[in-house]
Amino acid sequence: MKHLLRAASIAFCTAQPFTVLPLAAEQLATIETFGGAWDTNWGDVWAVPTQFGYEGTYTVDNGYFGLEFDGHVFAGFWLEDKSDQPCDVPFEGSYHWGRLELSNSDKHPGIKMYWGYCGEGRIDKVWSFYGRLPDGL
């Protein structure tokens, strides 16, 4: 992995107030199976469990993400080499980053991540995880 997940990084990103209501902890029952390879609307994703959550990479724009469980949801950040909306302030050395929230529930089959640009604003865009890939990819 090109970056190490750091608690300070997660704390910085998750300290901003979320405009999307957090999911109840009961709705996260299958999140524990998130690690591995996934087919998504942004290409292949590789997620690895860490002591406090997950970190991973994705194929679009050399992407990276880090997540920690905050007591309600897995929340954290994404960063890339480029994006449609550069941030005014860099994070982990990139001007192309934002916040993430990982979710799943009985209402939505599969796993979804909600995301937004930079450290403020709405987390209302959807990153859909369609299905598992062989982990050897």
Side-chain angles (χ1 to χ4, degrees):
M1 301 254 150
K2 66 179 183 175
H3 300 280
L4 296 177
L5 181 63
R6 291 186 259 161
S9 297
I10 297 294
F12 172 78
C13 279
T14 59
Q16 300 292 328
F18 288 105
T19 56
V20 174
L21 294 176
L23 299 171
E26 295 80 32
Q27 292 175 306
L28 298 171
T30 62
I31 292 292
E32 64 193 36
T33 63
F34 179 62
W38 291 88
D39 176 30
T40 78
N41 59 322
W42 284 343
D44 296 340
V45 169
W46 292 268
V48 178
T50 65
Q51 182 178 1
F52 300 106
Y54 293 95
E55 65 181 74
T57 60
Y58 52 99
T59 52
V60 172
D61 297 324
N62 196 28
Y64 172 82
F65 65 89
L67 298 164
E68 279 189 8
F69 188 68
D70 70 2
H72 299 284
V73 296
F74 283 93
F77 67 94
W78 61 267
L79 54 97
E80 300 174 349
D81 290 341
K82 64 180 180 173
S83 67
D84 291 338
Q85 183 177 324
C87 302
D88 293 335
V89 176
F91 178 71
E92 295 285 321
S94 177
Y95 284 91
H96 306 278
W97 64 277
R99 294 175 296 140
L100 282 176
E101 198 173 280
L102 177 63
S103 68
N104 76 299
S105 71
D106 294 336
K107 296 177 188 175
H108 305 289
I111 292 178
K112 296 188 184 300
M113 279 215 233
Y114 294 92
W115 63 276
Y117 289 107
C118 308
E120 298 178 9
R122 298 178 57 86
I123 301 177
D124 58 357
K125 296 155 190 58
V126 178
W127 184 1
S128 297
F129 288 68
Y130 300 124
R132 290 216 169 269
L133 297 171
D135 284 348
L137 291 178

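Computed from a prediction, not measured in an experiment: that's the story for all the values here.
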> Any idea which heavy atoms bring Pro49 and Gly35 closest together, and the distance?
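Looks like CD-CA, 4.3 Å.
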> Could I get the full list of ring pair (Phe, Tyr, Trp, His ring centres under 6.0 Å) partners for Tyr58, not counting sequence neighbours?
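So Tyr58 forms a ring pair (Phe, Tyr, Trp, His ring centres under 6.0 Å) with Trp127.
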> Treating Arg122 as the side-chain partner and Trp115 as the backbone partner, does any N or O pair qualify as donor plus acceptor under 3.5 Å?
no
> Looking at Trp78 versus Trp97, is the centre-to-centre ring distance below 6.0 Å?
no
> Taking the six-membered ring for Trp, is the centroid-to-centroid distance between Phe77 and Phe65 below 6.0 Å?
no
> Could you state the interatomic distance from CZ (Arg99) to CD1 (Ile123), rounded to the nearest 0.5 Å?
3.5 Å
> Tell me whether Lys125 at atom NZ has more than 12 heavy atoms from other residues, nucleotides or ligands lying less than 6.0 Å away.
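Yes, NZ of Lys125 has more than 12 neighbouring heavy atoms, counting only those of other groups under 6.0 Å.
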> Could I get the full list of side-chain contact (heavy atoms from CB on, under 4.5 Å) partners for Thr59, not counting sequence neighbours?
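Thr59 satisfies side-chain contact (heavy atoms from CB on, under 4.5 Å) with Asp44, Trp46 once adjacent residues are dropped.
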> Look up atom CG in Leu133 and atom CG in Asp39, then write down how far apart they are to the nearest 0.5 Å.
5.5 Å
> Applying side-chain hydrogen bond (donor to acceptor under 3.5 Å, both in side chains), name anything that partners Ser83, two or more places apart in sequence or on another chain.
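Residues passing side-chain hydrogen bond (donor to acceptor under 3.5 Å, both in side chains) with Ser83: His96.
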> With a 4.5 Å heavy-atom cut-off, do Leu67 and Glu101 have their side chains touching?
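Result no, sub-4.5 Å side-chain heavy-atom pair not found.
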> Ignoring hydrogens and geometry, is there a side-chain-to-backbone donor-acceptor pair from Thr57 to Gly63 under 3.5 Å?
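Side chain of Thr57 to backbone of Gly63: no pair is present.
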> Membership question, hydrophobic clusters at under 4.5 Å side-chain separation (ILVMFWY): are Tyr95 and Tyr64 in the same one?
no
> Rounded to the nearest 0.5 Å, how far does CG of Asp61 lie from CG of Leu79?
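CG of Asp61 is found 11.5 Å from CG of Leu79.
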> Kindly compute the distance separating OG1 (Thr40) from CE (Met113), expressed to the nearest 0.5 Å.
8.5 Å
> Evaluate the criterion ring-ring contact (aromatic ring centres under 6.0 Å, His included) for residue pair Tyr54 and Phe74; output intermediate values, then yes/no.
CA-CA 8 Å; Tyr54 293 95; Phe74 283 93; 5.5 Å; yes
